[in-house]
Every structure is written in C-alpha cells, then in structure tokens.
Amino acid sequence: MTVAIAEAAAAKPNPATDPFDIVVFGGHGDLARRKLLPALYHLDLEGRLPDDGRVVAVSRGTMTRDAYVAMVAEACLGDAARGKGDAIWERFAARLQYATVDAKDAPSYASLAGMLSGRDRTARVFYLATAPDLFGPIAHNLAAASLVTPVTRLVLEKPLGHDLASSQAINSEVGKVFEEGQIYRIDHYLGKEAVQNLMALRFANSLFEPLWNRNYIDHVQITVAETVGVAGRWAYYDKSGALRDMVQNHMLQLLCLVAMEPPISLEADAVRDAKLNVLRSLEPIGGSDTAHLSVRGQYRAGAIEGQPVPGYQDEPDKAGASDTETFVAIKAGIGNWRWSGVPFYLRTGKRLASRMSEIVVEFHQPPHFLYPKSAGAIEPNRLIIRVQPNEGVRLQLLNKQPGPGDPKLRQTALNLSFADIFGDRLPDAYERLLLDVIRGRPALFMSLAELEAAWRWTDQILDGWAQFPLPVKPYTAGGWGPAASLALIERDGRSWFEDFT
Ligand code: BG6
C-alpha cells in the first residue's frame with residue numbers, strides 16, 4: 001500500500017470504531033437512569049463502543065462528577081456486572097462526564113462547550129431526554145454556543161407534542177437549527193427485538209407475504225398491556241392519556257410494520273415511506289363514529305399479582321378528579337387494496353392483568369370444512385408475534401389428534417421462543433437505538449412526515465371525543481379493561497385473543 005492510499009484508508013469514516021460524544025440532556029432524569037445509561041453500559045460490556053467514546057450528562061442540578069458516577073453505578077451495576085469484574089465498569093465510568101447546564105440559559109452552555117472543545121470532527125449526539133418544551137430552546141442555545149457541527153445528530157424523545165399543532169411547533173423550532181437528516185425521533189418500540197423480527201418474518205421469508213392481505217387475513221389484533229400504573233408520572237400522564245401516550249406512537253408503529261408494503265430496501269427512506277403510506281391510508285375515525293370505534297377506560301382499585309393497588313384517582317401523586325383514559329381500544333381500518341375491510345383492533349392499558357404485548361394475525365377459516373362437528377371446535381389459524389415478554393412467534397394450526405376412530409382435531413402451535421433459540425438475554429431496545437444513533441443509522445427513527453401523519457389521525461379521534469364526549473369506563477386493576485372493550489370486538493363476531501401460554 002502506498003503512503004497516500006494508507007492515509008486515505010485511515011481517514012475513511014468507520015462508524016464502528018470512530019470516536020463519539022453523546023451528550024444527554026436530562027442526564028439525571030428517570031429515562032437516563034433507567035434506560036439510557038444502562039444501555040450504554042451494556043454496549044460497552046459487549047465491546048460495541050469505540051475506545052474513544054464519551055458520555056456527557058447534562059442537567060440543571062449542580063453535582064460533582066464523582067457523585068454522578070456513583071449514581072450511574074447504582075443504575076447500571078445489576079445482573080450484567082456479575083462475574084464480569086470491575087475492569088469494564090472502570091472503563092465505562094471513565095467515559096462519563098457531568099456538566100451543569102440550565103437548558104434555557106445560553107451562558108450556562110459554556111461548561112459544556114469547554115468539554116466538547118477540540119472535538120468538532122467527532123461524531124456528536126445530543127440526546128434530549130427532557131420535557132419537549134425545552135427542545136426548541138436547547139437547539140437554539142446549542143447553535144448559539146457553536147456546538148452544532150456537520151457531524152452532530154439530535155435525538156428527540158417522546159412526547160413530541162400533544163397534538164399536530166404543538167408537534168409542528170416543536171419540530172419547526174428544532175428545524176431552524178438542525179437539518180431533517182440530523183434529527184432522530186425515537187420510538188423505542190422500533191428497537192425491540194421482536195419488532196425488528198417482524199420485518200424479517202415478513203420480508204426474509206417467502207411463506208407469509210402471499211397470504212398477507214385481505215384475501216387470507218380476517219383481522220389483526222395489537223395488544224400492549226401493562227401491569228404498572230402511573231404513580232410517579234401522574235402530572236405528565238393526566239395531560240396525555242393512553243391514546244397519546246401509547247397509540248399515537250408505539251401502537252401505530254407496530255401497525256405500520258404489520259401493514260406496510262415491502263420497502264424497496266432497508267434504507268431509512270424506503271422503510272419510512274412504506275410506513276408513511278400506511279399512516280396516510282388509515283381510515284379516519286372522527287365525529288360521531290368515534291363512539292362506535294373506540295373505548296376509553298380508567299382503572300379503579302384492584303389487585304396486581306395478588307397485591308392490592310389503588311385506582312388512578314387515588315394514586316399518591318394525583319392532582320384531583322380526572323377523566324383521562326388509562327385504557328383505550330380502537331377498531332381501525334386501512335383503506336387500500338391490501339387491507340380494505342380487514343379490521344385492526346388495538347388496545348392498550350395500564351394496570352391490566354399481565355404485562356404482555358402481542359400482535360395476533362388471524363386468518364380466514366377454510367372455505368369448506370370437511371370434518372364433522374364431533375371433530376372439535378374449528379379454530380382459525382393465527383400467527384402470534386409476542387413482542388414482550390417471552391419474545392417469540394407462534395403459528396397456531398389445527399392438527400389431527402393421534403388415534404383410531406372418529407377424527408378429532410386439536411389446535412397446536414409451532415412455537416419459536418427467542419429465549420430457547422437465541423439465549424436468555426435480549427438487548428434492550430435502547431441499546432440498539434443508541435448504537436444506531438452513534439453510528440449514524442436513521443432507519444429505525446421516525447420521519448417528520450410519519451409523526452405528522454400519526455398526529456393527524458390521532459387528532460381526529462381526540463376531536464371526536466371532544467365533540468361527542470365518550471365517558472371513561474371504569475375497570476378493575478388486574479383485569480383486561482372495561483366490558484365495552486369486549487363489546488367493541490364481539491359485536492363483529494370476534495373476540496380478543498387471550499391465550500397467553
Ligand atoms: C412509554 C410510555 O413510551 O412506553 C409509558 O410513556 C409506557 O407510559 C412505556 O409505560 C412502555 O414501554 P415498554 O417498553 O415498557 O413496553
């Protein structure tokens with residue numbers, strides 16, 4: 001190799017080994033402690049971070065670096081550290097810096113600027129894990145402090161607004177400083193392994209795609225059930241509710257991955273365009289139809305795993321009476337050739353019977369059934385994608401029960417459990433997404449157009465609820481939501497799939 005070629009090769013960017021700085025605004029907050037720092041630590045543990053990679057936590061509070069490192073140690077050193085010795089923790093701790101910055105106060109960015117000086121060519125990520133009303137001011141103050149370089153990326157956490165107008169206002173402020181290509185809007189559901197696998201299942205196999213349409217699929221159910229309540233987040237949640245908190249983002253993204261056309265590649269624009277087409281094809285739900293096509297619920301006191309829990313209105317940090325929904329069910333439709341007439345039933349709620357997120361694709365019954373009634377109940381084929389926990393894929397089939405005499409059919413499943421096949425620990429969604437941001441891969445992040453299309457659809461439902469008030473139906477914590485949610489699907493002659501074996 002000549003010297004010139006060797007120099008050129010050395011200068012070529014290599015996202016896997018090039019240095020980076022990730023600056024976390026809200027570095028002291030709940031998300032940073034619970035998710036972001038443990039995710040970065042796990043990446044380091046697995047040797048995925050380049051040696052010269054730094055994590056700068058930014059927060060308004062004054063804190064010494066040592067105190068911050070001690071706090072992060074507490075957040076990170078759980079199971080993962082066991083048996084690995086201290087060396088990796090020491091390596092990770094050495095990456096940590098702490099800067100006191102008041103997001104709205106331009107002069108206070110000086111300390112951060114000092115930490116980043118001399119590293120203008122280093123990949124730089126600003127991760128805004130703060131309230132969204134700070135996104136605009138932070139973007140402007142970063143620019144004013146000359147901290148935005150051509151290799152800077154900006155990560156925006158949800159909620160990105162509480163409706164289309166507020167979302168546009170935030171994006172427009174941020175857009176005055178950052179190019180669209182620099183903005184990474186995070187939806188952590190897109191980083192979940194089973195969600196990623198949904199793409200592989202559909203597009204790396206030839207088995208399903210020919211059947212993936214209205215001719216073979218009767219309906220789709222998407223359930224995201226949580227056992228947690230909203231204690232500790234009442235102030236945020238009460239202004240949001242389940243529709244904005246879960247449906248507008250996570251559930252619509254799941255729906256998009258189920259319903260989208262095969263993208264022409266896995267490049268960001270191709271995948272985003274395919275999802276955008278789904279969002280734009282969602283049949284509007286609004287006006288008086290909203291009451292038939294949606295259900296709102298709110299949990300009352302009950303028990304989760306045998307332990308009594310208070311109702312939403314009795315949570316310790318409640319701030320008065322509220323009719324915010326902690327549960328929502330929706331019958332959605334997609335107006336295009338592939339999906340016309342196929343309902344997508346969505347439901348999500350807090351304080352439900354178990355933590356379980358699942359996508360169920362239910363196929364039509366066979367056109368002509370050969371077996372007598374005595375053979376047993378005729379269950380349709382179902383493809384069940386378990387998003388969490390116990391990630392995996394099941395295909396339910398009718399089989400003949402072995403034995404002589406009259407035939408008996410029994411429903412059994414081809415069962416692919418990720419834990420059995422790939423081992424116990426699946427990386428947290430944030431590990432994958434953070435690594436993608438550091439390496440400059442935007443495919444798993446939402447485009448502005450997607451975000452706006454999702455808000456447009458959600459806003460119509462919110463308007464429908466405002467025009468034709470839909471009372472929140474109480475449900476007991478530890479159940480599966482209000483009875484009206486059962487009625488929503490049962491009046492179509494279908495039922496929620498609740499075999500969580
Ligand atoms: C967040 C919501 O986006 O997702 C929370 O704001 C919710 O209310 C959480 O609990 C669920 O995420 P996961 O990964 O635990 O299913």
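Ligands are counted one by one from 1 in listed order, and the atoms in each one are counted from 1 as well. Given the structure is predicted, the values throughout are model-derived calculations rather than measurements.
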Inset, instruction - Name the closest protein heavy atom to atom 9 (C) of ligand 1, giving the residue it belongs to and the distance to 0.1 Å. - result: E226 OE2, 4.0 Å
Legend entry - Where ligand 1 meets D245 - atom numbers and elements under 4.0 angstrom, heavy-atom basis: 2 (C), 5 (C), 6 (O), 8 (O)
Legend entry - Subset of ligand 1 atoms that lie under 4.0 Å from at least one heavy atom of H188: 3 (O), 4 (O), 12 (O), 13 (P), 14 (O)
Inset, instruction - Using a strict cut-off of 4.0 Å, indicate which atoms of ligand 1 neighbour a heavy atom of H250. - result: 1 (C), 3 (O), 4 (O)
Legend entry - Y189 near ligand 1 by a heavy-atom separation under 4.0 Å: yes
Inset, instruction - Check ligand 1 against K158 and write out every atom of the ligand that is under 4.0 Å from a heavy-atom position of the residue. - result: 1 (C), 2 (C), 3 (O), 6 (O)
Inset, instruction - Go through the steps to decide whether W480 and Y475 satisfy the test ring pair (Phe, Tyr, Trp, His ring centres under 6.0 Å), and finish with yes or no. - result: CA-CA 8 Å; W480 281 107; Y475 62 94; over 10 Å; no
Legend entry - R338/E209 salt bridge by N-O under 4.0 Å criterion: yes
Legend entry - Minimum-distance pair of heavy atoms, taken over all atoms of P442 and R272: O-NH2, 3.2 Å
Inset, instruction - Could you list the atoms of ligand 1 found under 4.0 angstrom from a heavy atom of K350? - result: 5 (C), 7 (C), 8 (O), 10 (O)
Legend entry - Residue among Y127, F25, Y98 satisfying side-chain contact (heavy atoms from CB on, under 4.5 Å) with V58: F25
Inset, instruction - Indicate yes or no: does an N/O atom of Q388 lie under 3.5 Å from an N/O atom of ligand 1? - result: yes
Legend entry - K192: numbered ligand 1 atoms lying under 4.0 Å from its heavy atoms: 13 (P), 14 (O), 16 (O)
Inset, instruction - Output yes when E180 and R185 qualify as a salt bridge under the 4.0 Å nitrogen-oxygen rule, no when they do not. - result: yes
Inset, instruction - May I ask you to decide whether K331 forms a salt bridge with D492, counting only side-chain N to carboxylate O separations under 4.0 Å? - result: yes
Inset, instruction - Go through the side-chain N and O atoms of Q298 and R300 and say whether any donor and acceptor fall under 3.5 Å apart. - result: yes
Inset, instruction - Give the residue and atom name of whichever protein heavy atom lies nearest to atom 15 (O) of ligand 1, and the separation in Å to one decimal. - result: R355 NH2, 3.8 Å
